[in-house]
Amino acid sequence: MKKLSIRARVLTGAAAAAVVGGSVLGAAATATAEPAAAPAAAAPATGGVAGEDLTTTRHLTDDAALEAAQAALKAAEKDGRRVTVAVVDRNGNTLVTVRGDGAGPQSYESAERKAYTAVSWNAPTSDLVERLDDAPNLKDIPGTLFLAGGAPVQANDTPIAGIGVAGAPSGAQDEAYAEAGVAALGR
């Protein structure tokens, strides 16, 4: 059998003493301690935030966003219009963009920006165009486009998405197609 060095024997002895001492101390503490009270409202196991500090939001599913975009595109195609349709979530992130056959290259970005603008202000973009008279600098906010063609999607009067359409000869037509997308979600 191999003989341990002095250093190894000291470390081994100290570790053994700590285990025995901890066991004895732990047993003594357990014997004399009062029963533990039930824990107060426990924080989530993951160390997260308590429920009263959270809010709940609603979002469109990917399937619903695609359904709305397809309904808007179908309404435009029925009128012989070549458009692009974009659906964004409550935070302005693009969920889906559908570029119809023959839609102009500018329509892609315009549709996304109209959708973003509609959800940001929870209003049809045609209504927002009128606000530029009083606050012309609104048009300088990045990502926005103050042209008719965007419509908000709401749940319980709260904006949850925006639908933007671009490419028709007029903003009023674009907006009518966006509203067709919103209507498709109402089932």
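Computed from a predicted model, the values in this text were never measured in an experiment. Scope of the values below: all heavy atoms of this structure, side chains included, with no hydrogens, waters or symmetry mates.
- F146 meets the ring pair (Phe, Tyr, Trp, His ring centres under 6.0 Å) test with W121; sequence neighbours excluded.
- Atom CD of E67 is separated from atom CG of L60 by 10.0 Å, given to the nearest 0.5 angstrom.
- A pairwise comparison of heavy atoms in R99 and G104 identifies NE-O, 4.0 Å as the closest pair.
- Applying the side chain to side chain contact (heavy atoms under 4.5 Å, CB included) test to A172 and every residue at least two apart in sequence or in another chain returns S170.
- Closest heavy-atom contact between L132 and K139: CD2-N, 3.8 Å.
- Under the 4.5 Å side-chain heavy-atom criterion for Ile, Leu, Val, Met, Phe, Trp and Tyr, L145 and V153 are members of distinct hydrophobic clusters.
- Heavy-atom minimum distance, A71 versus A184: CB-CB, 3.4 Å.
- In the hydrophobic clustering of ILVMFWY residues, with side-chain heavy atoms under 4.5 Å counting as a link, V83 and V182 come out together.
- A donor atom on one side chain and an acceptor atom on the other are not found under 3.5 Å apart for Q173 and D79.
- Applying the salt bridge (charged side-chain N to carboxylate O under 4.0 Å, His left out) rule to pairs touching residues 164-177 yields K114-D174, sequence neighbours excluded.
- Between the CG atom in D89 and the CG atom in L95 there is a gap of 5.0 Å [rounded to 0.5 Å].
- Hydrophobic clustering, with ILVMFWY side chains joined whenever heavy atoms are under 4.5 angstrom apart, keeps V87 apart from Y108.
- Annotation: side chain to side chain contact (heavy atoms under 4.5 Å, CB included) contacts of N137 (sequence neighbours excluded): D140.
- Between the side chains of T117 and T144, no donor N or O sits under 3.5 Å from an acceptor N or O.
- Side-chain contact check for T56 versus L54: every heavy-atom pair is 4.5 Å or farther apart.
- Residues satisfying the salt bridge (charged side-chain N to carboxylate O under 4.0 Å, His left out) criterion with E109, sequence neighbours excluded, are R113.
- For the residue pair V88 and E112, the shortest heavy atom distance occurs at CG1-O, 4.2 Å.
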**Request:** Apply side chain to side chain contact (heavy atoms under 4.5 Å, CB included) to the pair S110 and L147, showing each step before the final yes or no.
**Result:** CA-CA 9 Å; S110 296; L147 295 175; over 6 Å; no
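- Take D127 and apply the side chain to side chain contact (heavy atoms under 4.5 Å, CB included) test, not counting sequence neighbours, and it matches P124.
- Side-chain contact annotation: T61 with H59, donor-acceptor N/O pair under 3.5 Å absent.
- Scanning both residues, A115 and A86, for their nearest heavy atoms gives CB-O, 3.7 Å.
- Atom-to-atom distance recorded for S120:OG and L128:CG is 9.5 Å, nearest 0.5 angstrom.
- Judged purely by atom type and a 3.5 angstrom limit, T125 uses its side chain to pair as donor or acceptor with the backbone of G150.
- Using a 4.5 Å heavy-atom threshold, the side chains of N122 and V119 count as separate.
- When side chains are defined from C-beta on, V96 does not count as touching D62, because their heavy atoms never get closer than 4.5 Å.
- Shown here for I163 and A178, the closest heavy-atom pair between the two residues is O-CB, 3.7 Å.
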